[in-house]
2 protein chains.
Amino acid sequence: MSIAEKPILSMRQQICETVRAEVFAGQMTNDQPVREQPLAERFGVSRGSVRDALLQLSQEGVLVYSPNRGVRVSSPPSDTEFRLYAKLRKEIEGHCLDVCMDQLTEEDDRNLTNLLATLEDSCRRGDLSKITETDLAMHRYWVSRASTELESVWLSITVRMLIAYTLLEDYMQCYQEHAAIVEAIVRRDLKTAKRAMNENIRYK
Amino acid sequence: MSIAEKPILSMRQQICETVRAEVFAGQMTNDQPVREQPLAERFGVSRGSVRDALLQLSQEGVLVYSPNRGVRVSSPPSDTEFRLYAKLRKEIEGHCLDVCMDQLTEEDDRNLTNLLATLEDSCRRGDLSKITETDLAMHRYWVSRASTELESVWLSITVRMLIAYTLLEDYMQCYQEHAAIVEAIVRRDLKTAKRAMNENIRYK
DNA sequence: CAACTTCGAATTGTTAACAATCAGACAATA
DNA sequence: TATTGTCTGATTGTTAACAATTCGAAGTTG
C-alpha cells in the first residue's frame, strides 16, 4: 500500500490492531484480565479510548467482557465449533474470491505478492506471531476487497479460530499453501484459487 | 423466563436492544444519521453510554460508522450477499439445534411456546415490527442456548438480513413455519426441526 | 456565474474527575 | 471449623466539560 493512501487509523483502531496482534502472539494469556489503566498509559491516551477499543474487541470475539469486571482473552472454541467456523470461513472467502477476482488491479497483485514475501520470510525465521499476523492480513485482503460488511463478519469468525492457533507443524507448508493461492489469484484462475484456499483453511 | 433469573441489562445493552428494534421497525430511515445527543436525552444518560451502544451496534452491522461523522442505519445487502448470509445462518442454527436439543428443559419448551403465541398474535394483527422482533427472539433462543460465542456471530449475520426485511407476503405462513419448528423441538425431533428451520430461512 | 475561501454552528472525539461495583482479607459468630 | 458480615483497595461505569473535526452557508474572486 502506498504511503499516500495509507489510511490514518483512529486511536481506537490502533489500539484494537495492537492488542489483537498481541493476543494472537500469545503475549496475553487467557483468564488473565486485561486492565484499562495500564493500556491507557501505554498508548498515552485516556481510559475512554481504551474502553472503546476493548469493547470492540469483545464484539469481535478476541476478548470476553463481564460487566463491572472488565475483559479477558477469549478461550479457544470447542472442536465442533472450530469446524463450524472453518466451514463458514470457507464459504465467505469463496464468495469474496468470486466477487473480487475480476476487479483486482495490478497493484493488488503487488500487495499480495509483498504479503507473500513477508510470509515466506516469517516462516523461514519461524516467527510464529508474525506468521499469524501475515496469514490474517492475506486472507483479510481479498475479503476486504469484496465487501467491508462481510469483512466484519469474517473477522469475528476468523479471530475465534486463531485463538486456537497454538503451533503449526510445518511452517513452510503454510507458506506453500499461500503461495498457491496468490499465484492462482494473479493468474485470475478463480477455480484453482478457491481450491487452494479451501485446502488452506483446515480443520484442526 | 422467571423474574428471579431475569438478567439486569446494562445501560448499554438496554440502548442497544431499543435502537436495534427501532431500526427493524423502520422507525429510522437509512442514510439519515443517528445522533448521540438526542438519544442521550431520551434515555436520561450521558453521551458516553450512548456512544458505547452505537459502537456496539456498528460492530453488529445494524449501523455503519464513519469517523467524525457518526453513525447511520445500514443499507440492505446485495442479493448475492443476502443469499450468503442465509446459507451461513442455516449452518449456524443447524449446529446450534444439534448442540442444544438434548439439553433443553421443560421451561425452555414453555418459553418457546410463549414466544410462538406472541408471534401468532402479532401475525394476526399484522404488526410487522412485532413480528420481526419475535421472529428474531425465537431463532436467538436456540442459538443462545447452544453457545454465547456463536450467538454474537449469528446476530451480526442475522441483523444484516433483517435490514432487508421489507414485507412478508403472508403473515400466517410465517407463523406456521415457526409453529412447525417449535413443535418439532418440543418433541425433540432434531431432523424435523432442522428441516423446518431450513425452510423458514429463505432466500429473498 | 461558477469556483474558491472563510467562517461558524453542529457534531463527534477526548479527557479527567467522580460514583458504583467487585474481590479479597480479616474479624465475629454459631 | 465453617459461615457470615464488614471493611478496603482496585477496577469499571458514568458524567460533564473541553478539543477537534465536519459541513454547509455565506461571502469573495476570477
Side-chain angles (χ1 to χ4, degrees), chain A residues 4-20 22-23 27-75 148 152, chain B residues 4-20 22-23 27-75 148 152:
Chain A
E5 73 185 55
K6 175 178 285 186
I8 296 162
L9 291 179
S10 69
M11 202 62 235
R12 185 176 72 239
Q13 293 298 346
Q14 279 184 51
I15 300 174
C16 274
E17 299 288 335
T18 307
V19 172
R20 193 191 300 121
E22 291 185 359
V23 168
Q27 294 176 26
M28 294 176 172
T29 65
N30 78 22
D31 291 331
Q32 186 176 351
V34 178
R35 298 302 180 193
E36 297 177 358
Q37 190 62 46
L39 280 175
E41 288 167 10
R42 199 179 123 195
F43 286 97
V45 296
S46 73
R47 276 181 47 227
S49 308
V50 174
R51 259 183 82 78
D52 285 355
L54 296 184
L55 178 60
Q56 177 166 341
L57 289 172
S58 301
Q59 274 300 106
E60 267 182 28
V62 177
L63 305 174
V64 281
Y65 165 91
S66 308
N68 287 310
R69 294 178 48 187
V71 297
R72 60 172 210 278
V73 175
S74 292
S75 304
T148 57
S152 163
Chain B
E5 71 186 57
K6 175 179 286 190
I8 297 163
L9 291 180
S10 69
M11 200 63 234
R12 187 176 71 240
Q13 293 298 345
Q14 279 183 52
I15 299 174
C16 275
E17 300 288 334
T18 307
V19 173
R20 194 192 298 121
E22 292 185 357
V23 168
Q27 295 176 24
M28 294 177 174
T29 66
N30 78 21
D31 292 329
Q32 187 176 353
V34 178
R35 299 300 180 194
E36 297 177 357
Q37 189 63 45
L39 280 175
E41 287 166 10
R42 199 179 122 196
F43 286 97
V45 296
S46 74
R47 274 180 51 226
S49 308
V50 173
R51 260 183 80 79
D52 285 355
L54 295 184
L55 178 61
Q56 177 165 341
L57 289 173
S58 301
Q59 274 300 106
E60 267 182 28
V62 176
L63 305 174
V64 281
Y65 164 90
S66 308
N68 287 308
R69 295 177 48 186
V71 297
R72 62 173 206 278
V73 175
S74 291
S75 304
T148 57
S152 162

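Letters go in sequence order (proteins before strands), and every chain restarts at 1.
Not a single donor-acceptor contact under 3.5 angstrom links the side-chain atoms of B/Arg69 to the base of C/dG13.
Under 4.0 angstrom from either OP1 or OP2 of D/dG13 there lies no side-chain N or O belonging to B/Arg12. For the pair B/Tyr65 and C/dT11, the criterion of a side-chain N or O lying under 4.0 Å from OP1 or OP2 is not met. The shortest distance between the side-chain N/O atoms of B/Arg47 and the OP1/OP2 oxygens of D/dA16 is not below 4.0 Å.
Distance B/Glu36 CD to C/dT14 C1': 12 Å, rounded to the nearest Å. Between the C1' atom of D/dA16 and the CD atom of B/Gln37 lies a distance of 11 Å, rounded to the nearest Å. As a whole-Å value, the separation of A/Leu55 CG from D/dG13 P is 9 Å. For the pair B/Met11 CE and D/dT12 P, the interatomic distance rounds to 21 Å; values are reported in whole Å.
The side chain of B/Ser49 has D/dT14 as its nearest neighbour among D/dG13, D/dT14, D/dT11. The side chain of A/Ser46 approaches C/dT14 more closely than any other nucleotide in the set C/dT14, D/dT21, D/dC23. Of the candidates D/dT14, C/dT21, C/dT15, D/dT14 carries the atom nearest the A/Arg51 side chain, counting heavy atoms from C-beta on.
Using a 4.0 Å heavy-atom criterion, one finds that B/Val50 contacts no nucleic acid atom at all. Within the 4.0 angstrom heavy-atom criterion, only backbone atoms of the sugar-phosphate kind lie near B/Gly70; the bases stay farther away.
Nearest-nucleotide assignment on DNA chain C puts the 5′-proximal partner with A/Val45, out of A/Asn68 and A/Val45.
For the atom pair A/Arg35 CZ and A/Leu54 CG, the distance stands at 11.0 Å (nearest 0.5 Å). Summarising the geometry, atom CG belonging to A/Leu55 is positioned 11.0 Å from atom CD belonging to A/Glu60; distances are rounded to the nearest 0.5 Å.
Checking side-chain atoms of B/Ser74 against main-chain N and O of B/Val62 turns up a donor-acceptor pair under 3.5 Å.
The shortest side-chain heavy-atom distance between A/Leu57 and A/Val19 falls under the 4.5 Å cut-off.
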